[in-house]
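Since the structure comes first, as structure tokens, the remarks are kept for the end.
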Amino acid sequence: MNSFSKRSYIVIGIFLITALVFSLRLFNLQVLDPTYKVFATNNVLREVVQYPARGLIYDRNGTLLVHNKPAYDLLVTPREVTAFDTLYLCEMLGITREEIEAGLQAANKYSRYKPSVIVQQIPPEVYAVLQERIYRFKGFHTQSRTLREYTYPVAAHVLGYVGEVNANDIQEDRYYSQGDYIGVSGIERSYENGLRGSKGVKKYLVDVHNRIQGSFLGGEEDIPAQIGKNLTTSIDIDLQLYAEKLLQNKKGSVVALEPATGEILALVSAPVYDPGMLVGRVRASNYSMLVTDTLKPLFNRALMADYPPGSTFKMLNALIALEEQAITSNTYFPCYGVASSPIRCTHDHVSPLHVVEAIRESCNPFLWNTFRSIFSKFSSSSEGYEVWREHVLQFGIGRKLEIDLPIESKGSLPEVSYYDRIYGKGRWNALTVRSLAIGQGELGLTPLQLANYCAAIANRGHYYTPHVVREMEDESIPEKFKTKNFTGISENYFELVIEGMEQAVNGSTGMLKIPGVSMCGKTGTAENPHGSDHSVFMAFAPKDNPKIAISVYIENGVWGARYAAPIASLVIEKYLNDTISGNRGWVEERMMEANLLNPNQPK
Amino acid sequence: MARNKLWTNIDWITVILFILLVFAGWLNIYSAVYNDTEQHSIFDFSQRYGKQLIWILAAFLIAFTILLIETNFYLFFSYIIYGLVIFTLVLVLLFGTEINYSKSWLTFGWFSFQPAEFGKFAAALALAKFMSSFGFKLSRPKSIAIISLIVLLPAFLIFLQNDTGSALVYSAFILVLYREGLSGVVLFFGTLIALLFIFSLVLSEVLLFGILTSLTLLVYMIANPGLKYFFRVIFIWVSVVILFAGLNFLLKTGMEPGIILAGTLLLGGVVVWIYSARNKLKNYVTITIIFIGAILFSLSVDFTFSQVLNSYQQARIHELLGIESDPLGVGYNVNQSKIAIGSGGFWGKGFLNGTQTKYKFVPEQSTDFIFCTVGEEWGFAGTFVVVSLFVALFIRLIFLAERQRSGFSRIYGYAAAVIFFFHFAVNIGMTIGMMPVIGIPLPFFSYGGSSLWGFTILLFIFIRLDASRLDYLSY
Ligand SMILES: [Zn+2]
């Protein structure tokens with residue numbers, strides 16, 4: 001039975017060896033190793049979180065846009081607090097007695113032994129005074145933080161802002177703890193993981209008089225903070241400044257991008273606000289002011305507003321019809337007659353006319369006939385619509401473009417089921433949805449989508465996903481920004497619509513002709529039931545080897561050629577030529593001075 | 001029946017060890033909770049020490065009751081007790097209350113308890129009953145299957161409660177099986193791989209290396225069971241260790257203590273190795289190969305973990321191992337715990353004079369990290385006494401188990417000893433940074449009624465069985 005009884009020695013051996021190992025370890029820890037002894041003298045270990053500076057943000061030419069300035073928090077460890085001159089502290093910090101008392105109470109509730117922040121973001125000059133007198137306030141100490149500072153008061157919608165983490169952020173990512181900062185919108189949000197760096201810990205020994213005695217273990221156990229990674233955006237800050245200036249006293253947007261890369265050169269949503277308003281102790285009051293502003297400055301129109309594209313959509317309908325061989329370059333439609341009656345022409349021009357002329361003249365009947373021809377290629381309207389819709393989707397319209405900013409609208413491009421629901425299955429046709437032919441009706445494009453669609457035309461059939469960041473320190477930009485997205489429409493058809501766009505610009509008023517630059521563009525008018533129509537323009541330049549594609553929406557700008565087109569031409573000229581030619585100074589002046597904040601503008 | 005002789009047959013050494021440990025535990029809980037700004041009576045039942053006092057008195061009552069119950073009761077009802085405990089474990093999963101992310105509490109009005117703490121003695125009873133049944137042979141696959149079922153079922157249910165630490169305790173039963181004839185190879189490799197895996201993630205390389213060397217020595221002795229060699233090898237090795245350490249001390253080479261330890265262990269190993277080669281002892285080549293293999297294994301685990309896995313996967317593994325998350329940064333808990341223990345010095349700061357513990361730097365001060373208070377206030381003298389008391393208890397239990405005539409009592413005794421040992425090793429190991437932070441209590445010390453009662457029942461059933469060891473012939 002007890003044949004294995006000798007094994008009891010092994011079991012006892014295991015017990016003894018464990019006890020021996022523990023005893024040796026304890027002897028080492030408690031007797032030999034001196035590092036922990038310092039605590040015997042009632043010293044306190046203070047762990048101070050080291051907050052790294054966030055990464056810097058540059059524009060495409062290396063101009064610094066966002067950097068950091070120091071600020072300080074005052075912390076309190078309730079257990080260590082002794083009676084102090086409250087009034088003096090309040091005076092120094094410029095806060096009320098009640099605030100201090102409420103802060104102390106909250107800190108006490110959180111923990112008597114661990115420090116909590118009691119006054120946030122003390123400016124450096126106050127800190128200098130405070131630091132000299134901190135010995136009078138036992139239980140209080142400071143920690144340094146950094147706040148964002150902006151070189152230029154522009155591009156708030158791109159850069160975004162930084163705020164304190166909320167409970168949700170802490171739950172989602174264990175990195176954060178109470179009081180940490182996090183990017184709330186814009187680049188600050190979408191590139192948060194790189195920009196934030198990583199927090200460190202410094203351990204100090206502090207004596208009973210709240211004086212730092214030195215670092216614990218010579219800093220051996222400190223974890224250094226790692227500075228956030230720097231970002232280079234694709235924004236051209238001069239262009240951004242210029243575009244924001246042109247949009248002063250207006251609502252609307254400008255999105256300019258480089259067709260060859262998809263890099264966004266300027267992105268304006270007007271009215272703009274100074275990103276510096278949302279930094280530091282003034283943030284809360286400024287934020288509520290911006291939120292309640294009826295002009296909605298926080299709303300990023302460039303990415304979030306769905307405007308009808310108006311006539312700018314006509315090129316797309318023509319391209320789809322050409323690709324589906326519903327029309328050819330030699331198809332002529334007249335401006336008059338029964339076939340053209342559903343949508344009438346608004347002005348006089350040659351008739352009948354072909355596709356290039358139709359785009360030049362923005363001919364509604366031609367586009368209606370074209371739209372109908374697409375539908376009649378298919379056995380049912382819903383099938384025709386489905387094919388048409390697929391083509392539109394391939395231009396990044398009706399879906400999110402996946403730009404590297406946190407929020408964007410997908411615009412509006414109804415599915416077949418939408419019309420089935422309204423008109424009944426099989427009870428609608430091209431005529432029912434004819435407003436789509438001229439870019440009205442249910443269509444909604446964000447300014448970003450319009451600019452991207454323009455870039456796809458400029459590239460003769462493909463686009464790169466628009467993005468605002470060119471590179472991040474030690475990291476390459478995601479593959480999706482380097483991949484061509486093809487529109488599925490043959491290159492040679494693009495030449496026809498581009499020809500039309502060029503002629504449209506050349507045949508127009510002098511306001512948008514840039515000396516020496518072949519610009520291709522198209523005006524549009526977005527119907528607005530709440531006031532004057534919106535002025536729309538999309539363009540790219542030069543015609544060959546385009547450097548810039550742009551979309552401009554000016555709310556209540558009445559019609560495309562009035563505001564959007566001249567503003568776009570100025571932005572393009574500024575970007576290509578660096579300066580506005582002398583004889584166009586009056587255009588610039590007129591655009592900058594225009595105040596369109598009243599939603600009802602004279603026709 | 002021998003009721004009259006019961007009180008003389010009880011092993012009072014064990015009972016006294018038990019009382020000493022419980023008393024020492026309470027003192028430390030008192031000190032851990034004690035706050036010089038708020039004075040309370042020790043009977044203040046709103047304080048943890050007050051509550052613990054009630055639980056200790058209840059535990060004594062439970063112990064007394066257990067002693068009064070006939071031995072036959074445990075023998076005949078072991079499966080039923082096991083079944084009831086399994087049933088409550090299922091109830092917990094269905095109706096349990098969640099505290100600290102683990103759903104392991106059953107609440108009846110004001111009273112709540114953790115059934116997991118009672119799974120251990122139930123599993124020990126069932127295992128003892130099964131393995132002592134007539135015609136039982138460990139070598140049969142069916143036996144192994146049933147044993148696994150008995151042990152793993154409660155472990156699995158506890159694991160589902162999200163209390164991985166308490167579930168891991170059941171792995172200690174492998175030592176019982178080993179005593180009952182399980183091949184040493186199985187024990188050895190099973191344990192080695194599990195421990196290496198955990199240790200590679202927790203310990204520094206130097207320390208792991210030192211432990212591996214000691215382990216190799218242990219295995220070496222298993223392979224050469226002759227007592228003559230046992231003592232000789234121990235002697236040679238210990239003298240080399242002392243020599244080397246002494247030299248280091250005299251010459252003040254200023255080497256890291258860890259490196260000195262590892263170095264001496266290795267050097268001792270080398271000397272033993274030469275000795276074995278000359279005396280043509282068995283298996284020394286095999287053991288050397290296993291030793292080197294173990295080093296390579298741990299290095300590769302280390303490498304895989306830190307280089308190949310991303311931080312998310314690492315966190316998952318930590319979670320699976322029951323290693324607690326560390327909200328204040330890497331090793332915060334363990335660091336604070338080591339500081340508290342280390343600051344105690346040789347004699348400690350004295351009762352109620354601990355500062356680290358008062359500052360609440362150490363988390364879970366009165367439960368999982370109660371050993372910190374011992375270390376800080378009683379110094380090395382205190383920790384050494386506590387470690388010695390525990391080991392004395394374990395060895396006493398093994399001694400008692402070996403003197404049983406019935407297989408049932410012996411197996412139960414072993415089960416009790418190894419469960420206590422597992423708790424001891426993991427809990428203390430955790431506070432001194434040698435084990436992952438797995439939240440399991442230190443027997444008799446940690447604050448908490450359920451665990452104290454569970455351990456008391458586990459211990460006193462065996463004391464009762466031992467007191468009747470002469471009543472029966474072996475099965
Ligand atoms: Zn016309």
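These values consider heavy atoms only, across backbone and side chains, with no hydrogens, waters or symmetry-generated copies. Chain A is the first sequence line, chain B the second, and so forth, proteins listed ahead of strands; every chain is numbered from 1. Quantities reported herein were computed from a predicted structural model and do not represent experimental measurements.
Counting non-hydrogen atoms of neighbouring residues, nucleotides and ligands closer than 6.0 angstrom, the CD atom of A:Gln226 reaches no more than 12 such neighbours. Remark: A:Gln105 CD is loosely packed, at most 12 non-hydrogen atoms of other residues, nucleotides or ligands lying under 6.0 Å away. Around CD1 of A:Ile227, the count of heavy atoms belonging to other residues, nucleotides or ligands within 6.0 Å does not exceed 12.
Proximity to chain A (any heavy atom under 4.5 Å) is restricted, for B:Phe384, to the side chain, taken from C-beta onward. If you measure heavy-atom distances from B:Phe421 to chain A, the contacts under 4.5 Å come from the side chain alone. A:Thr18 touches chain B through its side chain: at least one heavy atom from C-beta onward sits under 4.5 Å away, while N, CA, C and O do not. Using a 4.5 Å cut-off between heavy atoms, A:Ile12 contacts chain B through its side chain alone, with no backbone atom that close. The contact between A:Ile14 and chain B is made by backbone and side chain atoms together, counting heavy-atom distances below 4.5 Å. Looking at B:Phe424, both its backbone and its side chain come within 4.5 Å of chain A, counting heavy atoms on both sides.
Among the candidates B:Ile428, B:Val391, B:Ile398, the residue making the largest number of heavy-atom pairs closer than 4.5 Å to chain A is B:Ile398. Taking chain A as the reference chain and counting heavy-atom pairs below 4.5 Å, the highest number among B:Gly348, B:Ala401, B:Gly379 is found for B:Gly379.
A perpendicular orientation is assigned to the rings of A:Phe27 and B:Phe380, their planes being inclined by more than 60° (bins at 30° and 60°).
The two residues A:Val11 and B:Tyr178 come nearest to each other via the heavy atoms CG2-CD2, 4.4 Å.
Put simply, CG on A:Leu26 and OG1 on B:Thr383 are 4.5 Å apart, with the number rounded to the nearest 0.5 Å. Distance CZ/B:Phe371 to CZ/A:Phe22: 8.5 Å, rounded to 0.5 Å. With values rounded to the nearest 0.5 angstrom, B:Phe399 atom CZ is found 10.5 Å from A:Ser8 atom OG. If you take CZ on A:Phe4 and CG on B:Leu138, they are separated by 8.0 Å, rounding to the nearest 0.5 Å.
With a 4.5 Å cut-off on side-chain heavy atoms, A:Gln30 and B:Ser343 do not count as touching.
Between the side chain of A:Arg25 and the backbone N or O of B:Ile432, at least one donor-acceptor pair lies under 3.5 Å.
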